[in-house]
Amino acid sequence: MEITRRTVLSGGAAAGALTVLAAPGSATGAPGTRPLARSASPRVSPFELGVASGDPLPDSVVLWTRLAVDPTAEDGLGGMARRPYAVRWEIARDPQMRRVVERGVVEARAESGYAVHVEPRGLQAGREYWYRFRVGGHLSPVGRTMTAPARHEMPAVLAMSFASCSQYEHGYFTAYRRLAQDQPDLVLHLGDYQYEYTKQSYLSPTGNVRDHDGPETVDLASYRQRHAQYKSDPDLQLAHATAPWLVVWDDHEVDNNWADDVPENSDAAQWNDTTARFVRRRAQAFQAYYENMPLRRASVPRGADMKIYRRLHWGRLATFHMMDTRQYRDDQACGDGWTIDCDERLDETRSLPGMAQERWLLDGFERSRARWDVLGQQVFFAEQDALAGPSYRTSMDGWDGYVPSRRRITQGWVDAGVRNPVVLTGDVHKHWANDLRLDYQDTDSPVVGSELVCSSITSTGNGSPTWQSPNMALNPHLRFSADQRGYVRTAITKEKMSVDYRSLPSVTTTDAAAYTQASFELHDGQRGLERTR
């Protein structure tokens, strides 16, 4: 499947060039770029972290930047002087920024890590825009974004890619660059955007190629520093500047395998990670996450609470249900990990997304009139049993640790008559393609949906081009598995969803080419995956 730039809406305006333009060092004579009187201006460019956009609506999109002249400064403030900065923004219909349609000024302050979130309104539905920022005489790069189609529109096609798990130390972010070169309309990031560990404490099997700066992230300064180190990567900046993103976290944005107010190491005396200590850590992680992501004001954290589950409608073509599978879950059963015959995982009272989010999701299924309902979430959804015979060995961190919760959600889309349910997953650092059933032990049970799992951007290093999971033989609904780093590329139309599993032979070297390791199609009104490559 070769995805190229195309007309986004049937009968709509033709899409323009994708080029992400490097802005000049000054903007003499450029429209709308005259600085405010007496506004502070750093001596060097403060746009070392790039630009981003996200959460597109038919008339609006979030524009983001964060000022930094020394991104990995230990205090987390990017080397900026402790004073407010006037930041001008503008959004235009052309990449040369000649046809500006909206502009304004916002303040970047130390208490928000010098992050800027702008939500321009009154934009046209289903079209490309370009945007940039200015502080004093310094211009940011120009980013490309896109508004969602109007709710009544049926777009001809949506080019959507999704990714997860980018451990900075384990490899170079070339996969982000390859994703950007595919020219998507929308990017979903399904978690583990950054990792919390201090350098050399999480070692890749193929060797760490670079180091984290600073300590393990436990406070606001260290989370800000870590986000800034990741955002300094030019390949990640390119992917952000190419298309709007929908982001949700998994665990490493806070702490490995956390569950609600339970940290990974609550029982380890040497960590002294009490509930109160972890809740404070979580609040500071949430603050840094919001500051560094193109999220709307509805997601501004309130202490240790931050609402990131939400819906986005792409006209009548697709509804994206973006889920949070960490903040509200019951603690992992049977001590976490892969466990044999854990009865607690069958407890009807336990939930992975939390009961309130389950109800929100089921209500969304009932109300949906979209051609495709897409769940953007974090952990493995299909059953994956690693033991032959009557016993089960399954992962307690994924949906296998919350069997009734998975059944309620799956039954919910069946009962609601959801036309084409598709679950998107990250977390496990491997590509998978899975059929979904209500009863995985009954081979005659009908397929009721599909799961697409993306590999990691870098996490766990290069992997193997020949690996295939031995669990596929025990679980016939698991249709494909692969162990190289990469992302998943899709093209969604009203007739089908075309899926390419994109892989890189190496992430420990730069400039690796991406190739398609497998392709599938999902057809409107039909259940199950059809392999085409």
Side-chain angles (χ1 to χ4, degrees), residues 3 5-21 32 51-65 89-104 106 116-133 140-162 180 182-189 239-247 293-299 310-322 370-372 374 376 490-494:
I3 297 179
R5 177 56 37 210
R6 63 194 68 78
T7 297
V8 178
L9 295 178
S10 53
L18 175 66
T19 308
V20 179
L21 300 175
V51 300
S53 68
D55 279 24
L57 300 175
D59 67 342
S60 176
V61 67
V62 179
L63 308 180
W64 173 94
T65 194
W89 61 271
E90 53 188 359
I91 186 167
R93 294 181 179 176
D94 63 306
Q96 292 76 30
M97 304 298 295
R98 296 191 183 103
R99 292 182 289 161
V100 173
V101 296
E102 290 288 339
R103 58 167 60 93
V106 293
V116 169
H117 295 77
V118 177
E119 299 182 22
R121 295 284 180 175
L123 303 179
Q124 293 182 13
R127 66 156 299 140
E128 290 176 309
Y129 286 95
W130 287 263
Y131 61 97
R132 68 181 175 187
F133 300 89
S140 76
V142 172
R144 171 192 170 268
T145 192
M146 176 171 281
T147 52
R151 286 292 299 272
H152 67 276
E153 292 277 3
M154 176 61 79
V157 64
L158 166 63
M160 181 274 293
S161 294
F162 64 99
D182 289 338
Q183 304 180 11
D185 302 321
L186 184 67
V187 175
L188 272 59
H189 199 285
H240 270 301
T242 296
W245 283 38
L246 289 177
V247 299
M293 296 295 163
L295 288 163
R296 292 190 176 275
R297 284 187 291 271
S299 292
R310 60 205 189 278
R311 287 190 185 89
L312 179 134
H313 304 281
W314 203 264
R316 293 188 293 118
L317 181 64
T319 294
F320 293 91
H321 310 263
M322 304 301 292
R371 185 64 57 101
W372 302 87
V374 181
T490 73
I492 306 172
T493 70
K494 63 182 181 180

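Quick caveat, the model's predicted, so the values are computed rather than measured.
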Side-chain heavy-atom pair Arg296, Leu57 within 4.5 angstrom cut-off: yes
For Arg310, what residues pass the salt bridge (Lys or Arg N to Asp or Glu O under 4.0 Å) criterion, not counting sequence neighbours? Asp55
Quick check: closest heavy atoms across Leu317 and Leu158, and the distance to 0.1 Å? CD2-CB, 3.8 Å
Applying salt bridge (Lys or Arg N to Asp or Glu O under 4.0 Å) to Arg316 and not counting sequence neighbours gives none
Under the 3.5 angstrom rule, does the side chain of Glu119 hit a backbone N or O of Arg297 as a donor-acceptor pair? yes
Salt bridge (Lys or Arg N to Asp or Glu O under 4.0 Å) partners of Arg151, counting only residues at least two apart: none
With a 4.5 Å heavy-atom cut-off, do Arg93 and Val101 have their side chains touching? yes
Hey, does Leu186 have a side-chain heavy atom less than 4.5 Å from the side chain of Pro244? yes
Point-to-point distance, once rounded to the nearest 0.5 Å, from NE2 of His189 to NE2 of His240: 7.5 Å
Here the pair of heavy atoms bringing Ser53 nearest to Thr145 is OG-OG1, 2.8 Å
Heavy-atom side-chain contact between Phe320 and Leu188 under 4.5 Å: yes
Donor-acceptor contact below 3.5 Å, side chain Tyr131 vs main chain Trp64: no
CG/Leu63 to NE2/His117 distance, rounded to the nearest 0.5 angstrom? 10.5 Å
Are the side chains of Val62 and Met293 in touch, meaning some heavy atoms are under 4.5 Å apart? no
Specify the closest pair of heavy atoms between Ala239 and Ala180, including all atoms of both residues, with the distance to one decimal. CA-CB, 3.9 Å
Could you report the tightest heavy-atom contact between Pro56 and Trp314, atom names first, then the distance? CG-CZ3, 4.0 Å
Can you confirm whether Thr147 sits close enough to Arg127 that some side-chain heavy atom of one is under 4.5 Å from a side-chain heavy atom of the other? yes
Grab the two heavy atoms, one from Thr493 and one from Trp372, that are nearest each other, plus how far apart they are. O-NE1, 2.8 Å
Could you tell me which residues satisfy side-chain hydrogen bond (donor to acceptor under 3.5 Å, both in side chains) with His313, sequence neighbours excluded, listed by chain and number? Thr319
Once ring pair (Phe, Tyr, Trp, His ring centres under 6.0 Å) is applied, do any residues pair with His321, and if so which ones, sequence neighbours excluded? Phe365
Can you give me the closest heavy-atom contact between Ser60 and Leu123, atom names plus distance? CA-CD1, 4.2 Å
Under a 4.5 Å cut-off applied to non-hydrogen side-chain atoms, are Trp130 and Gln96 in contact? no
Those residues at least two apart in sequence (or on a different chain) that pass salt bridge (Lys or Arg N to Asp or Glu O under 4.0 Å) with Asp59 are Arg121
Heavy-atom check, side chain of Val116 versus side chain of Trp89, under 4.5 Å: no
